[in-house]
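Report on the structure given below.
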Amino acid sequence: MDALAELLDQPRARGAFVLRSILSPPWSLRIEDRAPLTLVALIRGHAWLLPDDGAPVRLEPGDAAVLRGPDCYTMADEPGRDVRVVIHPGQRCSTPQGDDLADAMRLGVRTWGEAGPNATVMLSGTYQLDGDVHRRLLRLLPPVLTRTTTPADAPFVELLGREVARDEPGQELILDRLLDLLLVSVLRHWLSSADAPDVGWYRAQHDPVVGPAIRLLHAEPAFPWTVAALAARVGVSRAALARRFNALVGEGPMTYLTNWRLDVAADLLRTTDATVAAVARQVGYGSAFALSAAFKRVRGVSPQEHRRADRPAQSPGVGVGVGVDVPGADSLVV
């Protein structure tokens with residue numbers, strides 16, 4: 001698996017909050033949910049995305065925005081609108097004064113807002129958790145990424161739009177996978193464009209020496225690697241590999257390997273019940289003590305403290321409920 005494929009293999013929604021919003025002007029939403037990653041696809045109308053730090057961006061039908069948390073932002077039909085709704089952690093929504101709006105704005109299953117003529121319709125998916133391997137992707141992303149979706153994305157948008165309002169067994173799993181597919185499709189086109197980030201390890205994946213070395217480290221993190229062993233596998237001298245790796249990636253092969261092992265270990269600790277000793281073996285440490293020492297040295301916390309870290313609470317949120325007939329709602333589904 002190449003570095004790009006491995007990077008894009010990481011988004012795995014688990015109980016993501018997926019919602020269809022129908023908003024009639026004037027409208028303005030203040031997003032303060034602190035979610036690690038959010039994807040918005042505009043279906044009808046237009047919207048202004050107003051980051052706290054950054055230039056306003058106008059979204060048109062077919063545009064998608066990827067927002068990296070935990071920064072807050074505002075979305076509105078026009079810049080300068082007074083905020084009418086605040087989205088809090090757990091997807092709780094209220095007025096700016098704190099009055100709950102979930103019931104008042106519910107329009108059906110995973111659908112909310114204020115239906116009416118000239119309404120803006122958008123789909124949004126919010127990832128609730130940020131596993132540590134995922135952070136390698138998050139570190140690549142700008143705070144706000146906007147792209148016009150391609151014809152290849154259209155089936156994912158259409159399916160997500162159709163499935164979001166259905167209430168059937170297994171629906172959450174279907175929505176998670178559709179959200180992943182749409183996100184990966186958007187990110188793949190961005191990463192292959194001229195706007196791709198200038199990050200050492202990502203740029204180095206195309207190098208004939210460093211690229212294979214990185215793929216070996218990713219594929220076999222538990223192997224007892226040395227610079228000499230890695231150099232032998234890619235067919236160059238130890239000195240040549242070390243020099244080239246440092247120049248392109250910005251750190252040595254063993255430092256890179258340590259960080260990768262700890263990324264994988266951190267993700268395993270948060271997403272599995274494996275013991276620290278079992279995780280240590282999976283990522284190339286001889287004992288739980290060795291992993292704990294490296295974890296504490298690099299991350300400042302022990303593996304146990306990392307595992308106990310609070311996860312964001314999942315909430316039924318503003319758009320989940322019993323189906324309600326909305327005039328014209330069928331025509332709003334893509």
Which residues pass the salt bridge (Lys or Arg N to Asp or Glu O under 4.0 Å) test with R84, not counting sequence neighbours?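 Once residues adjacent in sequence are excluded, the partners of R84 under the salt bridge (Lys or Arg N to Asp or Glu O under 4.0 Å) criterion are E114.
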Give a yes or no on whether R238 atom CZ has more than 12 heavy-atom contacts from other residues, nucleotides or ligands under 6.0 Å away.
no
Salt bridge or not between [X] and [Y]? Use side-chain N to carboxylate O under 4.0 Å.
X: E78; Y: R81; answer: no
X: D77; Y: R58; answer: no
X: D207; Y: R244; answer: yes
X: R30; Y: E32; answer: yes
X: R233; Y: E220; answer: yes

Exercise. Taking side-chain contact (heavy atoms from CB on, under 4.5 Å) as the test, write out the residues that go with T95, two or more places apart.
Key: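 T95 satisfies side-chain contact (heavy atoms from CB on, under 4.5 Å) with Q97, D99, L101 once adjacent residues are dropped.
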**Request:** Please check if I31 and W48 belong to a single hydrophobic cluster, counting links between Ile, Leu, Val, Met, Phe, Trp and Tyr side chain heavy atoms closer than 4.5 Å.
**Result:** no
When you check the side-chain N and O atoms of [X] and [Y], is any donor under 3.5 Å from an acceptor?
X: E251; Y: N246; value: no
X: S94; Y: D100; value: no
X: Y127; Y: D180; value: yes

Close side-chain approach of V249 and I214, heavy atoms under 4.5 Å: yes
* Under a 4.5 Å cut-off applied to non-hydrogen side-chain atoms, are F295 and L269 in contact? ->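 Of all side-chain heavy-atom pairs linking L269 with F295, at least one is under 4.5 Å.
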